[in-house]
There are 2 protein chains.
Amino acid sequence: MNRFIIPMMMGRPQTVKVRDVAREAGVAVGTVSRVLNDHPRVTPELRERVEKAMAHLGYEVDVTAQSMRAGRSRLVACAIRDFDIPRFALFIKEAEAVLREAGYTLLLASTTNRADIEIGLLSAFRRRRVDGVMMTLSDEQHRDVREALSAASMPVLLIDRDGITTLDRVTADHREGARLATTHLLGLGHRRIAMLVGDLKAFPSRSRLEGFREACSAAGMVPHPRLLRDNVLSGEDAYRATVSLMALAEPPTALFVAAMDTLGGCLRALRTMGIAAGDGISVVAGSDSDLAELHAPPITAITWDLAAMGRHAATMLLERMRGDEIEGGRGLAVPTQLIIRGSTRPLPS
Amino acid sequence: MNRFIIPMMMGRPQTVKVRDVAREAGVAVGTVSRVLNDHPRVTPELRERVEKAMAHLGYEVDVTAQSMRAGRSRLVACAIRDFDIPRFALFIKEAEAVLREAGYTLLLASTTNRADIEIGLLSAFRRRRVDGVMMTLSDEQHRDVREALSAASMPVLLIDRDGITTLDRVTADHREGARLATTHLLGLGHRRIAMLVGDLKAFPSRSRLEGFREACSAAGMVPHPRLLRDNVLSGEDAYRATVSLMALAEPPTALFVAAMDTLGGCLRALRTMGIAAGDGISVVAGSDSDLAELHAPPITAITWDLAAMGRHAATMLLERMRGDEIEGGRGLAVPTQLIIRGSTRPLPS
DNA sequence: AAGAGTCAATGAATCGGTTCATCAAATGCG
DNA sequence: CGCATTTGATGAACCGATTCATTGACTCTT
């Protein structure tokens with residue numbers, strides 16, 4: 001005898017809807033909705049009946065439909081230039097925890113530090129009715145980016161950027177960190193101090209350079225332009241920059257590797273060239289890491305609380321999304337400190 | 001003369017809708033939708049008129065509304081136990097790039113390696129009508145988790161987990177990596193080999209232990225149970241485990257720090273105790289890093305291509321989401337290799 | 001007991017797209 | 001030319017929740 005062949009369930013999986021729950025419980029759809037949203041004026045008796053029906057049918061609310069009706073999505077987008085940077089992960093982790101606690105889900109995208117992608121993402125976020133955005137910018141002065149930001153229609157918070165004062169910003173005090181590091185090197189007698197720094201269009205590098213220059217002029221010293229290398233963004237960049245610096249006729253006696261996550265490239269170059277950090281040359285890292293701490297000798301480094309940055313960013317964005325009336329953009333700077341280790345030594349006289 | 005006070009625009013920002021575009025272009029709403037979705041049968045003349053109207057009004061589709069109608073969201077969720085792990089960031093970065101290319105947006109959440117959170121996230125993802133999920137699991141055998149997975153209603157891909165063969169899995173060949181590392185140590189004459197490993201309920205640690213045991217029995221050697229430390233999940237755990245191991249009456253002559261991202265803690269402990277890696281004790285790291293490469297001496301380490309894992313995971317999930325009829329779950333294992341460096345030396349006889 | 005006021009529950013309208021049955025016009029064919 | 005077929009456009013219905021004007025029942029007041 002033939003068996004009927006049961007066809008694969010195709011297309012939209014049939015889900016349980018409020019309508020179904022309402023029918024099961026013998027109430028109106030509006031009542032089910034009120035139960036769902038904890039409306040204060042629902043009799044316990046009905047509430048229980050509805051909840052029983054929901055459990056029985058395995059009902060789950062459709063967030064998409066809620067979003068459409070409410071005009072908000074309970075999504076927060078985070079776009080950073082490259083989340084391959086280990087320490088940024090800490091920022092995201094903390095921000096996500098705070099946001100999830102508040103009922104939001106995190107959307108993630110990477111901008112590759114390109115203005116066109118930043119603009120594209122902003123519009124993609126808007127199309128998704130995202131409730132808030134936290135992001136880095138490749139160039140705060142970029143005309144089209146600024147235009148896209150002002151057309152954003154949802155709160156935007158800048159991560160480690162300080163150029164647009166109408167927006168909320170969470171930064172680290174890189175200027176002070178760089179000033180401390182440079183002052184430390186100057187105090188040890190160093191004068192030929194090389195600096196490896198990232199993209200000077202963006203806040204962190206720009207303010208690190210400021211701090212560097214500030215310390216130099218406080219010591220009555222003019223930094224040598226040939227010892228400044230900008231656009232150092234990756235380990236490979238740092239490797240090349242270090243090699244070329246050490247090949248100079250008058251090589252630096254100290255290296256300030258200020259860009260994030262580039263210490264490895266620099267140390268690799270020094271090792272290849274047979275130069276010992278600390279002994280042959282003093283080295284300061286712009287951001288601390290296991291690598292800096294556990295290197296031999298351990299590397300003097302600047303540090304700050306990235307977890308706190310993540311928490312603050314999420315909290316400030318939540319306030320904006322709640323619609324709190326806050327005047328203008330707020331800037332919050334997390335302090336930086338210098339951890340002095342064995343890689344920075346007095347210049348031999 | 002009094003000025004009228006213009007009230008702040010409150011509530012829902014009035015957006016341009018297809019209806020408005022249709023009116024502006026003098027066509028039906030259905031036609032605008034067909035232009036939006038590149039329907040083949042639209043005369044170029046009309047298409048142009050509609051596109052002009054969209055540009056003129058600054059129209060942007062509402063992805064939420066599209067999602068609701070279509071029953072899919074073009075969202076892919078990624079939930080991993082802790083994205084503070086630097087190398088995982090690489091996985092996510094590559095996966096996100098592939099997914100974005102295909103028109104999907106990445107949702108991110110961290111599970112803290114807790115089964116209840118994993119279950120909660122699965123249902124949150126379902127409520128958001130997420131199209132696909134990639135995730136780690138704290139315990140593949142956990143009853144409730146398996147139940148939640150089978151009720152998932154969207155494709156789920158496991159990241160570095162291999163226990164549920166009905167699902168797609170992307171793993172690294174940790175077993176082979178551990179086997180290579182252990183064989184290497186045994187070949188150098190080591191017999192008291194300590195192993196620091198994570199949660200044995202999860203695939204990576206379990207299969208590392210298998211590889212370790214396999215190499216041991218191939219050498220006719222029985223590993224000493226007191227030298228095995230599991231549940232080493234953080235740098236602090238590794239620190240404590242190392243200290244306690246080295247304080248044994250018969251301390252190990254080699255340390256296999258197999259858990260991810262725990263090498264730092266181990267090296268910190270050794271430094272504190274005045275033991276030199278390589279010289280006093282041989283050390284192998286379960287995953288490579290700048291720290292391993294640039295340490296003095298450089299640390300022998302297992303490595304694999306996490307970027308490729310990310311790409312594969314995204315690609316396989318995309319195939320599932322396209323609805324390709326694929327039999328059962330597919331398992332893809334990325335190969336691991338051992339990089340031998342100075343931290344592993346022959347046992348002095 | 002009539003009128004005013006509360007309180008719960010109802011269900012039609014709404015959010016902003018997409019789909020598809022339907023229709024009109026254009027084309028093909030003998 | 002007449003009939004069948006194809007093509008392009010139309011707009012009502014729909015996706016699944018929430019909202020709010022409305023209704024009916026009940027409680028106070030006087």
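Each chain gets a letter, A, B and so on, in the order its sequence line appears, and its residues count up from 1.
The pair D62(B)-R69(B) does not count as a salt bridge, with every side-chain nitrogen at least 4.0 angstrom from each carboxylate oxygen. With salt bridges taken as basic N to acidic carboxylate O contacts below 4.0 Å, none links E118(B) and R114(B). Salt-bridge annotation for D131(B) and R322(B): absent, with no side-chain N of the basic residue lying under 4.0 Å from a carboxylate O of the acidic one. Under a 4.0 Å N-O distance rule, the pair R169(A)/E140(A) does not qualify as a salt bridge.
Rounded to an integer number of Å, the gap from CG of D20(A) to P of dC15(D) is 11 Å. Atom P of nucleotide dT18(D) and atom NZ of K17(A) are separated by 15 Å, given to the nearest angstrom. Rounded to an integer number of Å, the gap from CZ of R69(B) to P of dT18(C) is 10 Å. The distance from atom CZ of R128(B) to atom P of dA17(D) is 14 Å, rounded to the nearest whole Å. Atom P of nucleotide dT18(C) and atom CZ of R19(B) are separated by 13 Å, given to the nearest angstrom. Per the geometry, CZ belonging to R34(B) stands 13 Å off P belonging to dT7(D), to the nearest Å. With rounding to whole Å, D62(A) atom CG is found 12 Å from dC15(D) atom P. Note: CG (D38(B)) to C1' (dG17(C)) measures 16 Å, nearest angstrom.
Within the structure, every side-chain polar atom (N or O) of Q66(B) is placed at least 4.0 Å from both OP1 and OP2 of dG16(C). Within the 4.0 Å cut-off from OP1 or OP2 of dA17(D), not a single side-chain nitrogen or oxygen of S67(A) is found. The phosphate of dA9(D) has neither OP1 nor OP2 within less than 4.0 Å of any side-chain N or O from T31(B).
Residue contacts shown for V61(A) are limited to sugar-phosphate atoms, with no base heavy atom under 4.0 Å away. Backbone-only contact: V27(A) has heavy atoms under 4.0 Å from sugar-phosphate atoms and none from a base. Across all strands, V42(A) comes closer than 4.0 Å only to sugar-phosphate atoms, never to a base (heavy-atom distances). Within the 4.0 angstrom heavy-atom criterion, only backbone atoms of the sugar-phosphate kind lie near T43(A); the bases stay farther away. Using a 4.0 Å heavy-atom cutoff across all strands shown, E60(A) reaches sugar-phosphate atoms only and no base atom.
Remark: R161(A) fails to qualify as a cation-pi partner of F203(A) under the 6.0 Å distance and 45° angle criteria applied to the six-membered ring.
Counting distance only, with no hydrogens placed and no angle test, the side-chain atoms of R41(A) and the base atoms of dC7(C) include no donor-acceptor pair under 3.5 Å.
Comparing V32(A) and G30(B) by the nucleotide of DNA chain D that holds the closest heavy atom to each, the one mapping nearer the 5' end is G30(B). Projected onto DNA chain C by closest heavy-atom contact, L46(A) and N37(B) fall at different nucleotides, the more 5' of which corresponds to L46(A).
Across dA12(D), dT10(C), dT19(D), the shortest atom-to-atom separation from the side chain of A28(A) is found for dT10(C).
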